[in-house]
Every structure is written in structure tokens, then in C-alpha cells.
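To keep things clear, I will list the structure first and then write my remarks on it.
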Amino acid sequence: MYGMVNKAIQDLVTNNFGEDKWIAMKEKVGFEDDFFISMQSYPDQLTYDLVGAASEILEISAGDVLEAFGEYWILYTADEGYGQLLNLSGSDLKEFLGNLNMLHDRITNIMPDLEPPKFTVKEIGENKVELIYESDREGLASMVVGLLRGLGKRFNKNCAIEHKNLRSEFGKDTFIVSW
Ligand code: HEM
């Protein structure tokens, strides 16, 4: 994954739990550089290791780490120069969810090695959608829950998120999002 993902994990931990926790994580995963380069690709395993290390050091489940990270990502990207892209991806939650593939498509222009997830949105009620999440990567569904929570906050919606179908059982992760 691109370095900005790892950098966002570093930021989340440093800002919310303190620099010492980050240093402990860095040591645990054996990352010896001083910083991540946002526009450089790193092995996915490093990101998984960081999530695992955060889970151990902060004593929260890996799912909770991913959820917190997903929520943080919405604020982080807005701060890191992607605010305009977020703005033009939708002025309400439904429109925004329908543009998630377009959003990552645009990012591919500046990050050619991006391996983005794929989302399919189906309207199932006035303020209710079914969101199918597909990825070449495993184990990131909790991140999607956090992302959806962060988007709910961005649009001032009190949203309910139900992880309806699990990839392990159905081959695809499906979420019901209502607000
Ligand atoms: C401007 C905002 C955003 C930027 C710059 C961005 C960029 C990225 C980048 C760089 C990755 C790592 C993938 C790679 O390096 O191959 C990623 C992954 C991901 N993004 Fe986005 N993204 C944005 C917004 C969103 C939003 C709003 C969602 C909401 C659902 C989302 C869902 C995901 C997921 C679930 C992944 C994990 C990778 C996977 O599932 O395989 N992203 N994104």
C-alpha cells in the first residue's frame, strides 16, 4: 500500500496515544526508516504488521484498530491535500458512496500502483443503501465500518452500519447503511 496509509496509522497513534506508543510499534514491526514516503508503495504486510502491533500495544482488537483507522482516514485525507477531491465526490452521503470507485480512479492518476477496493451501491430505501465491498486484500472489512462512520460524521448523519454478509461466508462483504 502507498506510504500515506502507514503514515496515517502513525499519525493516529501518535496523536491519540502518544509518541512512545508509536516508537514501540515501529520497533515491533522492525521499521527502521525515519518516516514513510506517502507516494511510495510499501508491502501490504507492513500495514498488516502495523495493525497487529497497534492491537498488541494499545490492547485493543485488530478490528477496533482498523475501525478507528477507517474513521481517521476521512479526516486525514481531507487534511493531506485531498479535501477538494472529497468535496467533489458528493454533497451527501448517498451521492458520495456512489462515487467511491470514481474517487479511487482519480487517485490512480497520481498513484499509478494503487490497488483500490471496489464498491457497488444499491439503493434499498430513502435513506438506506446496500454497499458491497470487494478487494484483492483480505481482512479489511472493519476498516470499511470505520470509513462509513467517518463519512456519516462528515455529512452530519447519524448512521447505522450493519455488516450483513461476510466475505468468509459469502465471498463478499455487504453492509447495510441507513441514516
Ligand atoms: C480522498 C480520499 C481518499 C484517498 C486519497 C484514498 C486513497 C487510498 C489509498 C492510497 C489506499 C491504499 C491502497 C493502495 O495503496 O494500493 C486506499 C485504500 C482503501 N480505500 Fe481509499 N482513499 C480515499 C477515500 C476513501 C473512502 C472515502 C473510502 C470509503 C469507503 C475508501 C476505502 C478504501 C479501502 C476500504 C481501502 C483498503 C484497501 C483495500 O480494500 O484493498 N477510501 N485508499
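Index from 1, following the sequence. All ligand and atom numbering here is 1-based and tracks the order in the structure.
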*If we only count heavy atoms from C-beta on, is the Glu130 to Val121 side-chain gap below 4.5 Å?*
no
To the nearest 0.1 Å, how far is [atom] from its closest protein heavy atom, and which atom is that?
atom: atom 30 (C) of ligand 1; answer: Phe119 CZ, 3.5 Å
atom: atom 32 (C) of ligand 1; answer: Leu147 CD1, 3.4 Å
atom: atom 41 (O) of ligand 1; answer: Ser135 OG, 2.5 Å
atom: atom 1 (C) of ligand 1; answer: Tyr82 CB, 3.4 Å
atom: atom 15 (O) of ligand 1; answer: Tyr2 N, 2.8 Å
atom: atom 33 (C) of ligand 1; answer: Pro117 CG, 3.6 Å
atom: atom 40 (O) of ligand 1; answer: Tyr133 OH, 2.5 Å
atom: atom 38 (C) of ligand 1; answer: Arg137 NH1, 3.3 Å

Quick one: which ligand 1 atoms are inside 4.0 Å of a heavy atom on [X]?
X: Ile74; value: 27 (C)
X: Glu115; value: 14 (C), 16 (O)
X: Phe96; value: 27 (C)
X: Met111; value: 10 (C)
X: Met1; value: 12 (C), 14 (C), 15 (O)
X: Leu86; value: 1 (C), 2 (C)

*asked:* Can you confirm whether or not the ring centre of Phe36 sits under 6.0 Å from the ring centre of Tyr42?
replied: yes
*Taking the non-hydrogen atoms of Asp44, is any one of them nearer than 4.0 angstrom to ligand 1?*
no
From the options [options], select the one whose nearest heavy atom is closest to [atom].
atom: atom 8 (C) of ligand 1; options: Trp73, Tyr76, Phe175; value: Trp73
atom: atom 10 (C) of ligand 1; options: Asn87, Leu100, Leu114; value: Leu114
atom: atom 6 (C) of ligand 1; options: Val144, Leu97, Val5, Ile107; value: Ile107

*Taking a hydrophobic cluster as the set of Ile, Leu, Val, Met, Phe, Trp and Tyr residues connected by side-chain heavy atoms closer than 4.5 Å, whether directly or through intermediates, do Phe119 and Ile132 fall within one such cluster?*
no
*asked:* Below 4.0 Å, non-hydrogen atoms only: which portion of Leu103 touches ligand 1? Side chain, backbone, both or neither.
replied: side chain
*asked:* Can you classify the ring geometry of Phe69 versus Trp73 as parallel (below 30°), tilted (30 to 60°) or perpendicular (above 60°)?
replied: tilted
_His104, N/O/S atom nearest atom 21 (Fe) of ligand 1_ = NE2
*asked:* Between Ser61 and Asp64 (side chain of the first, backbone of the second, donor and acceptor by atom type, cut-off under 3.5 Å), is there such a pair?
replied: yes
Counting only heavy atoms not in [X] (residues, nucleotides, ligands), do more than 12 fall under 6.0 Å from its [atom1]?
X: Glu169; atom1: CD; answer: yes
X: Lys26; atom1: NZ; answer: yes
X: Asn158; atom1: CG; answer: no
X: Asp136; atom1: CG; answer: no
X: Gln45; atom1: CD; answer: yes

*Compute whether any side-chain donor of one residue and acceptor of the other, for Asn99 and Ser89, lie under 3.5 angstrom apart.*
no
*Over all heavy atoms of both residues, which pair between Pro116 and His104 is shortest? Give the atoms and the distance, please.*
CB-CB, 3.6 Å
